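Right, one structure below, let's go through it.
Predicted model only: the values in this text are computed from it and were never measured. Throughout, a chain's letter reflects where its sequence line sits, starting with A, and its residues are numbered from 1. Below, all heavy atoms of this structure are taken into account, side chains as well, without hydrogens, waters or symmetry copies.
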Number of protein chains: 2
Amino acid sequence: MDHLSSNAPKGAGANALTCKLQQFTRLSLADRAALERVVAERRRTFLGREDISREGDKPTKIYVMLNGWACRYKFLEDGRRQIVAFFLPGDLCDLNIFILRQMDHSIGALTDVTVAEIGRDSFERLIDDHPRITQALWWEALVTIAIQREWTVNLGQRDALERIAHLLCELYVRLWSAGLATDGHCAFPVTQSDLADATGLSKVHVNRTLQELRQEGLIRLANRQLTILDLDRLKRLAVFDPNYLHLDREGAHLDANNE
Amino acid sequence: MDHLSSNAPKGAGANALTCKLQQFTRLSLADRAALERVVAERRRTFLGREDISREGDKPTKIYVMLNGWACRYKFLEDGRRQIVAFFLPGDLCDLNIFILRQMDHSIGALTDVTVAEIGRDSFERLIDDHPRITQALWWEALVTIAIQREWTVNLGQRDALERIAHLLCELYVRLWSAGLATDGHCAFPVTQSDLADATGLSKVHVNRTLQELRQEGLIRLANRQLTILDLDRLKRLAVFDPNYLHLDREGAHLDANNE
DNA sequence: CGCGGCGGTTAATCTGTGTTATTCACGCGC
DNA sequence: GCGCGTGAATAACACAGATTAACCGCCGCG
């Protein structure tokens, strides 16, 4: 087991999706079983750095991330690259993607990755039979858009320090909500070069900025493991308002129990 | 009629939505009639600079822009403001917005604006009865997301000149596809200050950059009217690839005729 | 009629971040 | 064991774009 696959903690598995959707709405046993079934139907694995889907491809499947990290990215013709989103376990790509004739961006694996491929038919059966899942999936999609908007704000308004701090906050909270982080600690398999492509900074400056966060006693980051030492202070520094992640489920915040 | 309302050309009206959706799919007479009906049900107008909906509000309606320009924006706590999207006639805000408990951003009118408010029920009736409209609306939503991603790329990778050029290209093409631009000419009611908030540049630098575009003979911009003098060159400068707007309707590109 | 505010323009100065380059540590394949 | 590629860490220097400030024209308003 190399350093890449070790970035995907146990306990993730098919549950990451279920776990995340339950942040929004209660799911019945039947709902959860249906999710597990659909997700188990057809799996694929990709190696780190491999493309999961490429700009120009005709989209035919919905992918659900089960394990590992990936990213959406776009190249400009002259080679510049922008990462526009990170995929974490439990995330899934645009529900309606097959409406479009071709992908306008690529999806690349950052670590070794396992995905579930869901065909159009299975997907339609799932949402026809399980209204709560449907609702939860739409919520997931809206959060994805909200995140994209927040990235626009991040790149447009925040300076380097705030920018990286904000990204760390977001990823930490998202991992936490998928059950993949505790006590300020999580896997973090993103290289400084990837961070540069995601934040629109040079990798040299990403390095400088990470040093600063370390020296401020805000984070520890080494060996693809991140520890946030003072989340509150990091949030304040980043002007991070978790609102846009819409994680607030009415009343039932903590009970991931059976219905 | 003041200079604000003059920015919304005639011929827009309820048709802007229909016109745009037909870029993607053929709509039958019945489809189009249904669209007109829903859009005529309940209208509201807003003055320039007025907020159409505010961060924190509970979303209950879907808005369709009929006339005028608006924008989505977010404030950071310390007052910095980022415009994350422009709304043009024919655009509509997130279809599923009522799934969320509160808005995570605001929508503000840039000019005087007319919108159609569509309630949940009317909307559900519309999509139940008109599968082609449903498909076209999803397509519209996917394009909105794709635009948001492209803005991320724009802010992350392009320098000031490319950035503004890119935004001008996007807005021109979108207006054109809504039937609101011809021969390189369109209304452009966005102040330099708004442009600054949208591109993440200072307004001084926006001014300098617009000068440069003018001196290069690429655009004419005055009195809230934009003329693009050399679209091809502007696109090349901006590294603009219209792919992400997904405007390609199979075969039938130009026939807006009856079915 | 004069005043104030907004949008646009220009200039001088400062700074955050990019660029280029070098070095080090580590793991991998041969 | 050696060479190589990749990720990380620093340093010196350059520059795109921010900041601040002043000024103009226009329009609406008292």
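Regarding B:Leu195, its CG atom lies at a distance of 13 Å from the P atom of D:dA18, rounded to whole Å. Remark: C1' of D:dC23 and NZ of B:Lys203 are 14 Å apart, rounded to the nearest angstrom. When the C1' atom of D:dA18 is taken as reference, atom CG of B:Leu201 falls 10 Å away, rounded to whole Å. Taking atom NE2 on B:His205 and atom C1' on C:dT10, their separation rounds to 14 Å, with Å as the unit. Atom CG in B:Asn223 sits roughly 15 Å away from atom C1' in C:dC6 (whole-Å rounding). Between the P atom of C:dT17 and the CG atom of B:Leu155 lies a distance of 15 Å, rounded to the nearest Å. Regarding B:Asp159, its CG atom lies at a distance of 9 Å from the P atom of D:dA16, rounded to whole Å. Atom pair A:Arg224:CZ and D:dT6:P shows a separation of 13 Å (rounding to whole Å applied).
Between B:Phe87 and B:Arg72, some side-chain heavy-atom pair lies under the 4.5 Å cut-off.
Salt bridge present: A:Arg54 and A:Asp51 bring a charged side-chain N and a carboxylate O closer than 4.0 Å. A salt bridge links B:Asp91 to B:Lys20: at least one charged side-chain nitrogen sits closer than 4.0 Å to a carboxylate oxygen.
At least one side-chain nitrogen or oxygen of B:Asn207 sits closer than 4.0 Å to the OP1 or OP2 atom of C:dT9.
When the nucleotides D:dT19, D:dT10, C:dG8 are ranked by their closest atom to the side chain of A:Val204, D:dT10 comes out on top. Counting only heavy atoms from C-beta on, A:Gln211 has its side chain closest to D:dA9 among C:dT17, D:dT19, D:dA9.
Comparing B:Thr191 and A:Gly200 by the nucleotide of DNA chain C that holds the closest heavy atom to each, the one mapping nearer the 5' end is B:Thr191. Toward the 5′ end of DNA chain D lies the nearest nucleotide of A:Arg214, the other residue of the pair A:Arg208 and A:Arg214 mapping further downstream.
Within 6.0 Å of atom CG in B:Asp183, 12 or fewer heavy atoms from other residues, nucleotides or ligands are found, so the atom counts as exposed in its surroundings.
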